[in-house]
Amino acid sequence: MSTPEFVAVAAAVAALLLGWWIGAARVRGASDTALRETRSELSRRLNDVFALQELSFMLSESLQPARIAEQVTSYLARFTDVQGSLVALAADGGRTLRVAAATGTLSALRSREIAEDDEGLVADALGRDQYVLADGKGPTRPVLATGVTAARAAVFPLRAHGVTVGVLAVTDPGRTRFDPEDLRLLSTVATHAAIVLSNARFFDLVRAGRDQWETTFNALSEGLAVVDDAGRIRRANRALAGLVGHSVPSLVGMSLSEAALGGSHELVELLDAARRREGAPARTVQLPRLGRVFRVSAAPMRGEDDTAWAVVLIEDVTEQQRLESQLVQSEKMAAVGQLVSGVAHELNNPLTSIAGLTEFLLEQPAPTDRDRDHLRVIREQADRAGRIVRNLLTFARKGPADVGEVDLNDIVQRTVSLVGYEIRLREVHLELALDPGLPMLNGDRYQIQQVVLNLVTNAIQAVQDNPPDRPRRIGIVSELDGPQIRLRVRDSGPGIPEDLVPQIFTPFFTTKAPGHGTGLGLSISYRIIEGHGGTLRVQRAVDGGAVFVMQLPVRSPVPLPAAPLGSAVAGPEELDVPSAPRRAILLVDEDPAIRRMIGVLLSGPSQVVETAAEAGQALELLDAQSFDLVIADARVPVSAGERLGDTLLRRWPDLRARTIFLTADVRPETDAWLQELGCPYFLKPFRIGELKAETARILRAQRLAAQ
């Protein structure tokens with residue numbers, strides 16, 4: 001029962017008692033004096049009840065503690081004969097009191113703070129359950145608070161629900177003392193005030209909690225919704241409204257599954273599991289309408305009428321999934337790069353021997369033209385194997401091999417000219433839209449052209465089997481996109497199935513028939529563009545087909561990698577100079593085929609080649625005699641952690657100008673190490689003519705220096 005209802009009932013009961021008392025007195029034949037006293041007493045009680053009723057209405061007007069305190073002191077000033085009153089509210093966790101309202105002789109205490117260790121009766125009431133009554137009959141006056149006394153005082157702790165919310169104090173009644181009726185009235189006032197103040201305190205706590213909850217609810221960057229047992233949204237935060245493209249008010253009452261997440265059956269299952277309080281993992285929901293991917297999780301909550309509701313958390317993980325895919329792809333490329341580095345090292349040595357000896361035999365008189373044709377086939381196949389190895393080595397190298405200014409439009413036009421015959425043969429309609437104002441790029445022209453050629457070739461193959469009713473179209477668009485240049489190659493083919501998109505840049509993955517593709521084209525292209533600081537990705541075309549998007553930074557500071565000899569084909573030079581003295585060459589390589597091939601090619605009337613299979617033998621030969629030229633595999637081991645290249649130049653610094661290093665190790669750190677050594681070097685496999693030309697250059701420089 002609320003306070004106003006209680007007071008109203010009390011007033012009715014008091015009226016009934018008054019009638020009964022008067023009737024009983026008449027029956028007993030009481031005197032007129034007794035009747036007058038009885039009427040006066042009952043009238044006073046009835047006035048108190050109605051005064052309390054008015055107080056209850058006054059207190060119900062506000063839930064602000066300070067306002068309630070003012071109403072209580074105002075009531076005491078109007079309906080009692082006390083000379084002073086105050087209401088102090090508990091503050092600072094109940095350790096102090098702050099006087100919120102004060103009247104009469106206690107007005108000076110308004111807004112004063114009273115500590116719990118104060119010597120007065122007000123602070124003492126904090127720890128009591130009953131009121132304290134004090135009068136001035138003794139030699140000292142009662143102390144209400146430090147420095148404040150009164151002749152008579154009554155102090156009431158304001159307690160409700162087991163918690164002290166404040167203190168009510170009154171002083172100096174009009175009579176000589178507080179009579180029992182006064183104390184009963186004051187106790188009733190204190191009880192009403194304590195209940196209302198406690199309710200106000202709880203209301204403040206609830207309001208503060210609600211404000212904090214709503215602030216947190218709307219501050220979350222993830223979408224949050226409260227969903228009822230029918231799947232309708234009851235509450236939604238601003239983040240969810242932004243994710244699904246609706247306003248917050250319009251979301252309320254909508255079906256979360258239909259309106260927000262496109263009718264996902266996975267969401268329905270997740271909500272059902274949450275309502276049954278079954279632990280269910282978060283679900284990933286793709287929303288094609290928005291082109292986004294959401295991660296959705298749900299937790300149960302109790303709704304209205306004890307129904308099963310759910311709280312749903314929706315996170316936009318589109319960018320996260322893209323980054324994770326890129327990370328997985330990069331890790332795959334790194335693993336393949338490590339594998340290829342080792343495989344290439346083993347392949348490069350025999351390829352060097354095959355190509356070199358074939359080139360040597362082609363320079364010799366052959367018995368028949370047929371034999372020469374066979375040798376040319378061997379050399380062509382060796383060159384082909386070398387190109388395959390170089391393509392694989394793209395995975396192992398961090399950057400482009402030959403950095404310079406690149407005109408992307410020129411590359412596209414030359415590539416289109418290169419495949420023009422195939423485009424016409426397959427009746428493909430080509431649409432070019434090249435921005436003439438594109439700036440230059442920094443990069444390897446031939447590697448970028450390799451990527452463009454691969455993308456255009458793939459597009460031609462994608463549309464060549466289109467049915468008659470579907471046009472064969474390829475569109476190539478170049479444009480400037482902020483600090484990057486973007487090239488899009490679009491085809492009208494069948495497109496790439498969604499489940500295959502994550503794998504298309506994986507090495508050796510191909511959808512072509514056996515024998516029609518190695519599965520390296522896109523993976524190598526991906527690594528080339530990544531090495532240039534750009535990105536390569538695939539999208540689904542609006543009208544079907546696929547769109548490959550290549551983005552490269554404008555004049556990006558691509559790191560210049562090692563520049564080994566043999567990057568350009570040089571013609572062989574004559575080594576046998578008639579006037580030159582006989583030269584001594586030391587050849588160091590662990591592969592006997594390499595030693596045999598180079599030894600045969602460089603030996604002649606004017607020079608002799610000494611060979612060594614391991615570092616110890618090479619060092620003994622260098623100690624025993626002087627060599628005009630040293631050709632050595634730089635990574636031949638000398639000891640644990642020591643390579644021949646380091647040992648050679650440390651012990652014989654003058655050899656730096658007459659040493660050529662060879663290596664089949666194509667790792668970037670090996671390139672950097674060879675550059676630091678400062679000697680010319682060749683990556684296997686290499687053209688034997690290039691090695692002969694570099695050998696002739698070094699020997700000629702020595703001859704000229706000696707003259």
Side-chain angles (χ1 to χ4, degrees), residues 333 337 383-384 386-423 430 432-460 474 476-489 505 520-537 548-571 666 668 671 675 682-683 685-687 690:
M333 294 301 182
D383 289 343
R384 180 185 176 191
R387 285 194 300 272
I388 292 174
V389 171
R390 283 192 294 273
N391 283 339
L392 290 172
L393 294 182
T394 305
F395 294 111
R397 296 188 180 179
K398 296 294 185 182
D402 188 11
V403 177
E405 285 194 341
V406 176
D407 183 344
L408 183 61
N409 284 344
D410 181 65
I411 287 179
V412 172
Q413 290 168 345
R414 289 177 181 271
T415 303
V416 169
S417 298
L418 187 64
V419 298
Y421 174 76
E422 188 173 1
I423 289 176
L430 177 66
L432 285 179
L434 306 180
D435 184 355
L438 287 185
M440 302 292 282
L441 298 170
N442 278 352
D444 185 324
R445 175 184 181 86
Y446 299 101
Q447 287 191 355
I448 294 176
Q449 184 165 10
Q450 178 183 351
V451 175
V452 175
L453 178 61
N454 183 61
L455 296 181
V456 174
T457 302
N458 284 352
I460 294 172
I474 295 176
I476 304 177
V477 179
S478 68
E479 56 191 351
L480 186 63
D481 182 20
Q484 292 189 322
I485 291 178
R486 180 166 56 207
L487 181 73
R488 291 183 293 166
V489 180
F505 295 114
L520 286 174
L522 285 176
S523 55
I524 289 174
S525 298
Y526 184 94
R527 193 58 178 266
I528 288 175
I529 299 304
E530 183 185 53
H532 281 75
T535 59
L536 178 63
R537 65 184 189 276
F548 283 86
V549 183
M550 179 180 79
Q551 287 188 273
L552 289 170
V554 176
R555 295 185 182 274
S556 58
V558 180
L560 184 64
L565 294 173
S567 57
V569 178
V666 295
D671 278 350
Q675 279 191 329
F682 287 84
L683 299 179
F686 49 82
R687 290 276 186 172
E690 298 169 6

Task: Trace of the side-chain contact (heavy atoms from CB on, under 4.5 Å) decision for Leu434 with Leu408 - done: CA-CA 9 Å; Leu434 306 180; Leu408 183 61; over 6 Å; no

Open item on the list: According to side-chain contact (heavy atoms from CB on, under 4.5 Å), who are the partners of Gln551, at least two apart in sequence or on a separate chain?
Closed with: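 Gln551 satisfies side-chain contact (heavy atoms from CB on, under 4.5 Å) with Asp481, Gln484, Arg486, Thr535, Arg537, Val549 once adjacent residues are dropped.
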
Task: Validation row: Arg488, Met550 side chains within 4.5 angstrom (heavy atoms) - done: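 Arg488 vs Met550: side chains apart.
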
Open item on the list: For a 4.5 angstrom cut-off between non-hydrogen side-chain atoms, does Gln449 reach Thr415?
Closed with: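 Yes, their side chains come closer than 4.5 Å.
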
Measure the spacing between [atom1] of [X] and [atom2] of [Y] and express it to the nearest 0.5 Å.
X      : Y      : atom1 : atom2 : answer
Leu430 : Ile474 : CG    : CD1   : 6.5 Å
Ile485 : Asp435 : CD1   : CG    : 8.5 Å
Leu438 : Leu487 : CG    : CG    : 9.0 Å
Asn458 : Leu453 : CG    : CG    : 9.5 Å
Thr457 : Gln450 : OG1   : CD    : 11.0 Å
Phe548 : Asn454 : CZ    : CG    : 8.5 Å

Open item on the list: Please enumerate all residues that pass side chain to side chain donor-acceptor pair (under 3.5 Å) together with Asn409, with sequence neighbours excluded.
Closed with: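 Once residues adjacent in sequence are excluded, the partners of Asn409 under the side chain to side chain donor-acceptor pair (under 3.5 Å) criterion are Ser478.
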
Task: Carboxylate-amine/guanidinium proximity below 4.0 Å for Arg445 and Asp407 - done: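 Judged by the 4.0 Å cut-off on N to carboxylate O distance, Arg445 and Asp407 do not form a salt bridge.
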
What pair of heavy atoms forms the shortest contact from [X] to [Y], and how long is it?
X      : Y      : result
Leu552 : Gly534 : CD2-CA, 4.2 Å
Pro439 : Val554 : CG-CG1, 3.6 Å
Pro553 : Gly533 : CD-O, 3.6 Å

Open item on the list: Let's go through Val452 and Val489 carefully: what are the C-alpha distance in whole Å and the side-chain angles of both, what is the deciding distance for side-chain contact (heavy atoms from CB on, under 4.5 Å) to 0.1 Å, and is it a yes or a no?
Closed with: CA-CA 9 Å; Val452 175; Val489 180; 5.9 Å; no

- [ ] Tell me, with the steps shown, if Val406 and Met440 meet side-chain contact (heavy atoms from CB on, under 4.5 Å).
- [x] CA-CA 6 Å; Val406 176; Met440 302 292 282; 5.8 Å; no

Task: Donor-acceptor pair, side chain of His532 and main chain of Asn442, under 3.5 angstrom - done: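 Checking the backbone N and O of Asn442 against the side chain of His532, no donor-acceptor pair under 3.5 Å is found.
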
